[in-house]
Asker: 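I'd like to ask you about the structure that follows.
Both ligands and their constituent atoms are indexed starting at 1 by order of listing.
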Amino acid sequence: MASTAAILALIILLLPPITLAGDLHGFRGTLTRVHDLSPGKFSEAARRDSQRIAFLSRATTNSSSSAVSFQALLANRDGGYNMNLSIGTPPLTFPLLADTGSDLIWTQCAPCTKCFQQPTPPFQPGSSSTFSKLPCTSAFCQSVPSSVRTCNATGCVYSNYIYGSGYTEGYLATETLRVGDDAAASFRDVVFGCSTVNGMDNLTLGIAGLGRGPLSLVSQLGVRRFSYCLRSDAAAGESPILFGSLAKLTDGSVQSTPLLKNPFLQRSTHYYVNLTGIAVGSTELPVTASTFGFTQTGLGGGTVVDSGTTLTLLAKDGYAMVKQAFLSQMANNLTALNVTSSGLDLCFEASASGDLLPVPTLVLRFAGGAEYVVPRRSYFDVVAVDSQGRAAVECLLVIPAPRKLPISIIGNLMQMDMHVLYDLDGEMFSFAPADCAKV
Ligand SMILES: *[C@@H]1O[C@H](CO)[C@@H](O)[C@H](O)[C@H]1NC(C)=O
Ligand SMILES: *[C@@H]1O[C@H](CO)[C@@H](O)[C@H](O)[C@H]1NC(C)=O
Ligand SMILES: *[C@@H]1O[C@H](CO)[C@@H](O)[C@H](O)[C@H]1NC(C)=O
Ligand SMILES: *[C@@H]1O[C@H](CO)[C@@H](O)[C@H](O)[C@H]1NC(C)=O
Ligand SMILES: *[C@@H]1O[C@H](CO)[C@@H](O)[C@H](O)[C@H]1NC(C)=O
Ligand SMILES: *[C@@H]1O[C@H](CO)[C@@H](O)[C@H](O)[C@H]1NC(C)=O
Ligand SMILES: *[C@@H]1O[C@H](CO)[C@@H](O)[C@H](O)[C@H]1NC(C)=O
């Protein structure tokens, strides 16, 4: 017995510090923008967002679970931010898309049957001492929808995840996972997807789901609060993401609004807020509870805060009010351009003087009195330049949600230069203007 204890002690000393899921200490990661959003790249973002809204809406149907969320997300590669996650023992680091709109954590694993090419080798289960396949009896396996789940000698298999122009397939496993470079932010036995068949391209090496479902990083680590601050000058540096006790807003001008559950859905991945009003310039728009609220028909409606969508999308009636207000308040009788092919909706020819166009202010109001005075670059910006690099077209960075998908989404452009906090115990979403380089 004594010798066994001594051996155990030795083993424990040799292992890196491992935090048990559920510990509430704080830790920090960094976010790096995946997509270049220079002028000229916005219509790509709009296209990605249009595909993503279909995904988010699918993910809110009653029959879905977290697995369906990541299925569709793959379709659009997303206008988001990567976060480094290290997997295994010894740890290998992968930049994965940090996505509050989905749950599953996954990356490619060797041996690949059909993987996309990546700059570093995919994860090697055989080289990690902490890798285990997830048994089919696990509740985590059961949380994958039965339509895409198989249990066989490979393990808890997800397959035929069909999305837009591709698909992925693999099996669930458990591993030691580390967020960022913080050795104290290591967690054992975290369930993740080992994808071995992928019919898609290689713009990101996988996804770190931060949603509300059981398979998400947030749920599995037992983190009850997290925050991030997205830099508008993303090229200048990384954006912080903070978990647990480190996630707190200290600035005096913090605004808070309750996080909501969709009453028409049994379960949901999403972080819903109650968008109760919008002001454009001095005009308070006639927003009612039904404009951005939940809907029994269709796909559940509501307003979601999402790190994985680039632009902001508003349910059609709310968008129509916003558009009308901008059209009537743009100075100098500017006429909107026909931009049907760009994916954006409301655009104007830039001023020949080189100055930015004068545009009305935009304020979003949320239940509980929270007010967000949106910075100009988060809702109206130059999206195309001429051959001399001068501003040619400026657009509203808000687009209408498809008629049949009434969900509204506050995208990541509208979250820039703000420290935003998701408090799951308090069921509150809070935000404060911030210099993200100093958070
Ligand atoms: C992510 O990890 C890679 C590989 O270890 C490293 O080169 C890169 O600097 C890391 N990025 C961040 C933002 O920490
Ligand atoms: C993505 O795949 C293409 C070929 O399919 C390859 O040329 C490119 O280097 C890959 N990109 C990365 C980052 O691995
Ligand atoms: C398990 O099922 C998946 C999906 O149907 C299949 O690709 C895989 O080959 C199966 N594994 C075994 C060992 O039969
Ligand atoms: C989801 O299911 C619940 C309970 O079965 C039902 O009341 C609700 O109307 C459904 N929601 C939608 C959007 O279908
Ligand atoms: C808009 O155009 C009309 C008619 O051309 C003109 O009378 C008016 O002054 C213009 N308004 C602004 C704000 O430029
Ligand atoms: C806008 O342009 C498209 C073609 O690019 C055309 O089909 C459409 O009719 C135009 N709309 C208006 C209002 O001019
Ligand atoms: C949203 O807030 C408004 C105004 O406070 C309230 O009337 C409405 O019931 C709230 N909606 C939900 C779903 O909580």
Asker: Heavy-atom contacts with A153 under 4.0 Å: which atoms of ligand 3 show up? List them by number with element.
Answerer: 13 (C)

Asker: Checking S195 against Y158: is there a side-chain donor and acceptor pair closer than 3.5 Å?
Answerer: yes

Asker: Starting from atom 4 (C) of ligand 7, locate the nearest protein heavy atom and write down its residue, its atom name and how far away it is, to 0.1 Å.
Answerer: T276 CG2, 4.0 Å

Asker: Give the atom numbers and elements of ligand 1 that come within less than 4.0 Å of a heavy atom of T32.
Answerer: 13 (C)

Asker: Counting only heavy atoms not in R377, do more than 12 sit closer than 6.0 Å to its CZ atom?
Answerer: no

Asker: In the protein, what heavy atom is nearest to atom 5 (O) of ligand 3, and what distance, to one decimal place, separates them?
Answerer: T150 OG1, 4.1 Å

Asker: Among protein heavy atoms, which sits nearest to atom 10 (C) of ligand 1, and what does the distance come to when rounded to 0.1 Å?
Answerer: N84 ND2, 2.4 Å

Asker: Any disulfide (SG to SG under 2.5 Å) involving residues 237-296? Give me the pairs, sequence neighbours left out, ordered by first then second residue.
Answerer: none

Asker: Would you say that M83 contacts I241 through its side chain, given a criterion of any heavy-atom pair below 4.5 Å between the two side chains?
Answerer: yes

Asker: Any ion pair linking R224 and E427 (charged N to carboxylate O, less than 4.0 Å)?
Answerer: no

Asker: Quick check against the 3.5 Å criterion: does Q415 have a side-chain atom that pairs as donor or acceptor with the backbone of I410?
Answerer: yes

Asker: Heavy-atom contacts with A367 under 4.0 Å: which atoms of ligand 7 show up? List them by number with element.
Answerer: 2 (O)

Asker: Show me which atoms of ligand 1 lie under 4.0 Å from any heavy atom of E238.
Answerer: 13 (C)

Asker: Among all the protein's heavy atoms, is there at least one whose distance to atom 7 (O) of ligand 1 comes out below 4.0 Å?
Answerer: no

Asker: With heavy-atom distances below 4.0 Å as the criterion, list the atoms of ligand 3 near E169.
Answerer: 7 (O)

Asker: Examine the side chains of T93 and S86 and answer whether a donor and an acceptor come within less than 3.5 Å of each other.
Answerer: yes

Asker: Heavy-atom distance to atom 2 (O) of ligand 3: which of T196, V197, T154, N152 wins?
Answerer: N152

Asker: For atom 11 (N) of ligand 7, what is the nearest protein heavy atom, given as residue, atom name and distance?
Answerer: N274 ND2, 2.9 Å

Asker: For the pair E284 and R365, find out whether any cationic side-chain nitrogen is under 4.0 Å from an anionic carboxylate oxygen.
Answerer: yes

Asker: Which protein non-hydrogen atom lies closest to atom 13 (C) of ligand 1, naming both residue and atom, and how far is it?
Answerer: T30 OG1, 3.0 Å

